[in-house]
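Here is the naming used below: chain letters follow the sequence lines, and residue numbers restart at 1 for every chain.
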There are 2 protein chains.
Amino acid sequence: MAGRAGSDRRAEILRAAADLFAARGFHGVSIDDLGRAVGTSGPALYRHFPGKEALLAAILLEVSERLAADGKERAEAWIDDPRRALEELLRGHIRFALTEPALITVHDRELDNVPEPHRRRIRRLQRGYVEQWVSVLARLRPEADPPTLRAAVHAAFGLLNSTPHSAQELAPDPMAELLLAMGRAALLAGD
Amino acid sequence: MAGRAGSDRRAEILRAAADLFAARGFHGVSIDDLGRAVGTSGPALYRHFPGKEALLAAILLEVSERLAADGKERAEAWIDDPRRALEELLRGHIRFALTEPALITVHDRELDNVPEPHRRRIRRLQRGYVEQWVSVLARLRPEADPPTLRAAVHAAFGLLNSTPHSAQELAPDPMAELLLAMGRAALLAGD
DNA sequence: CCCTGATGTTAGCGATCATTAACCGCGGAG
DNA sequence: CTCCGCGGTTAATGATCGCTAACATCAGGG
C-alpha cells in the first residue's frame, strides 16, 4: 500500500514528534530520535521541515487551531443556552484530551520552546479559546469577575489535561464521564 | 559538624535548580546555567552533588517527602472527620502549590529524568500521598470504586497544580479560595 | 533517453553538553 | 607555623547536538 505515501509523510512525522516530545520533552528528543521514529535517518526530516523548532511550532499551531475552532463552533451552536454550551465545551475538550494525550501534553508544556514568529500566534489562539470558555461561564456565574473566571478556566484545563499523566486507571468511557462531572462541578462551584 | 553553612549552600543550589528546571525543563538547563544562578561557575556544583541528575533527584525526593508527611499528618489529625480531613488535605496542597510553584511543577513533570535508584522511592512516596487522599475520599463517597477515586484524585492534582502556569491572574489569597472551592466541588461531584 | 524534482543517504562541522583534571586560597586544628 | 580539607577556579575531554553538504535513487514528462 504505497499509494498515497508522499503527502502523509508530514502528518506521520508530526504525530511521531508529538509522541516523543510528550514523553521526553522538547530538549530530550534529538533529530535522530525523530527520524528513527518514522523509519528514516535524522537529517531526512529537513526535507519536510526547516528545523526542530518548526516541528514543534507546527504541532502547537495545529492543536491550538483545532481547539479554538472546535470551541468556537460549540459555543456558537448554543449561544442561547450557556449551560448546554459549557457542557459541549467540556465534552469537546475531554474527547480531545482522551483521544490525543500527546498533543494535549505538548500543547501546554512546550510553548516556551517555540520561536517568536509563531509563538505569538499560538498564544493568541490559546487566549481566544480561554475567552470562549470565560464568556460562556460569565453568563452562568454573573457574580464572578473576569479574572476569577479566567483563573477558574485555567484550573479546569489543568484538571482535564491531567488525564495523560494518570491515564491507565480507568477505561476511556468512564474516564470521560468522570472528567465531565468533575469539570462541571469545579467550574460551577460558587465558593 | 559544619551543618549550617554547608547545608545553606546546598539548599540554595536546590532552590535555584528548581526554579530553572521548572522554567525551562531538566534538559533545557545546563550545569553552567545552574552554577551561574548561585553565583559560581558550573563545575563548582560537583562539590555539593555528584551530578545533574542527583540535583533533580534531591529536589523530587524532598518534595515528595514533604507532601507525603504533611498529608499523613493532616489526614490522621482528622481521622474521624473525613469531610474536615479532605478540607485540610486541600488546604495543605494549595498552600504548597502557591508557595512553591517551581517545586510543584518540577515534581509532576520531571520524574522520568530521575535515575532508577531514587525514582522508585519517589514513586512510592507519591503513591502513598495519593492513597492518603483516596482513603479519605472513599469514606465520603462509599459508592465509588478505588480506581475511580484514584483517577479523581489525580485529576484534582492537575487542577491544583495548574496554578503555576496560570499564576498572575489572581492574588494568592483569592486564588487559594478559588482552588479550594473548585477542588472540593470536583472531588465530591457525584456524577 | 535524459532531465529534474522529491526524498533519501552518510560524512562532517561547529557548538554545547556533562563531567573530570589540575590547581589555588583560605580558615581553623594541632 | 604548618598543614589540610573545603569550596572554589579554569582548561580539557569525549559525547552529542542541530544542521549543512555532497551525493544517490527513482519516478515521470519532454
Please report, rounded to the nearest Å, how far the [atom2] atom of [N] is from the [atom1] atom of [X].
| X | N | atom1 | atom2 | answer |
| --- | --- | --- | --- | --- |
| B:H27 | C:dA18 | NE2 | P | 10 Å |
| A:L45 | C:dT9 | CG | C1' | 13 Å |
| A:D8 | C:dA6 | CG | C1' | 16 Å |
| A:R10 | C:dA6 | CZ | C1' | 16 Å |
| B:R36 | C:dT16 | CZ | P | 11 Å |

task: Under the side chain to side chain contact (heavy atoms under 4.5 Å, CB included) rule, collect the residues that match up with B:S41, sequence neighbours excluded.
output: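 For B:S41, the residues satisfying side chain to side chain contact (heavy atoms under 4.5 Å, CB included) (neighbours in sequence not counted) are B:P43.
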Which residues share a side chain to side chain contact (heavy atoms under 4.5 Å, CB included) with B:D145, sequence neighbours left out: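 B:P147, B:T148.
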Pairs touching residues 156-182 of chain B that satisfy ring-ring contact (aromatic ring centres under 6.0 Å, His included), sequence neighbours left out: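 Passing the test, one end in residues 156-182 of chain B: B:H93-B:F157, B:Y129-B:F157, B:W133-B:F157.
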B:R141 side-chain N/O to B:L149 backbone N/O, donor-acceptor pair under 3.5 Å: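 No, the answer is negative, given that no donor and acceptor are paired below the 3.5 Å cut-off.
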field: Sidechain-backbone polar pair: B:S135 side chain, B:Q132 backbone, donor-acceptor under 3.5 Å
entry: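 Present.
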query: Do we see a donor-acceptor contact under 3.5 Å between the side chains of B:E53 and B:H118?
result: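 Side-chain D/A pair, B:E53 to B:H118: absent.
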query: Would B:R127 and B:E131 pass as an ion pair if we require N to O under 4.0 Å?
result: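 Result for this pair is no, no salt bridge flagged.
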query: Hey, are B:D70 and B:R74 close enough for a salt bridge, meaning a charged N less than 4.0 Å from a carboxylate O?
result: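 A salt bridge is present here (some side-chain N lies under 4.0 Å from a carboxylate O).
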Note, B:F26 side chain near B:K52 side chain (heavy atom, < 4.5 Å):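 Side-chain contact under 4.5 Å: yes.
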When you compare the protein's N or O atoms with those of nucleotides 14-16 of chain D, which come within less than 3.5 Å of each other, and at what distance?
none

- prompt: How do A:D33 and B:G39 order along DNA chain D: which one's closest nucleotide is nearer the 5' end?
  reply: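 Its nearest nucleotide lies further toward 5', so the answer is B:G39.
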- request: Give a yes/no on whether any side-chain N or O of B:R9 is located under 4.0 angstrom from OP1 or OP2 of D:dC6.
  value: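 For B:R9, the contact criterion (side-chain N or O under 4.0 Å from OP1 or OP2 of D:dC6) is not met.
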task: Ignoring backbone atoms, establish whether A:H48 has a side-chain N or O less than 4.0 Å from OP1 or OP2 of C:dG8.
output: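 It does, given that an N or O in the side chain of A:H48 lies less than 4.0 Å from OP1 or OP2 of C:dG8.
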- request: Mind checking B:T40 for me? I need base, sugar-phosphate or nothing, with any heavy atom below 4.0 Å counting as a touch.
  value: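 If one applies the 4.0 Å heavy-atom cut-off, B:T40 turns out to touch the sugar-phosphate alone, with no base involved.
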task: Could you tell me whether A:V38 contacts a base, only the sugar-phosphate backbone, or nothing, with contacts defined as non-hydrogen atoms closer than 4.0 Å?
output: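 Here A:V38 touches no strand at all.
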field: Bend angle of the helix from C:dC1-D:dG30 to C:dG30-D:dC1, from helix axes over five pairs at each end, nearest 10°
entry: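 Computed angle between terminal axes is 20°.
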query: Could you give the distance from CD (B:E62) to CD (B:E100), rounded to the nearest 0.5 Å?
result: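 Taking CD in B:E62 and CD in B:E100, the distance rounds to 8.5 Å.
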Taking N or O atoms only and anything under 3.5 Å, show me the protein contacts with nucleotides 19-22 of chain C, one pair per line.
{"from": "C:dT19", "atom 1": "OP2", "to": "B:Y46", "atom 2": "OH", "distance (Å)": "2.6"}
{"from": "C:dT19", "atom 1": "OP2", "to": "B:K52", "atom 2": "N", "distance (Å)": "3.0"}
{"from": "C:dT19", "atom 1": "O5'", "to": "B:Y46", "atom 2": "OH", "distance (Å)": "3.1"}
{"from": "C:dA22", "atom 1": "N6", "to": "B:R47", "atom 2": "NH2", "distance (Å)": "3.3"}

query: Between A:V63 and A:L111, is there a shared hydrophobic cluster once you connect ILVMFWY residues whose side-chain heavy atoms come closer than 4.5 Å?
result: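 A:V63 clusters together with A:L111.
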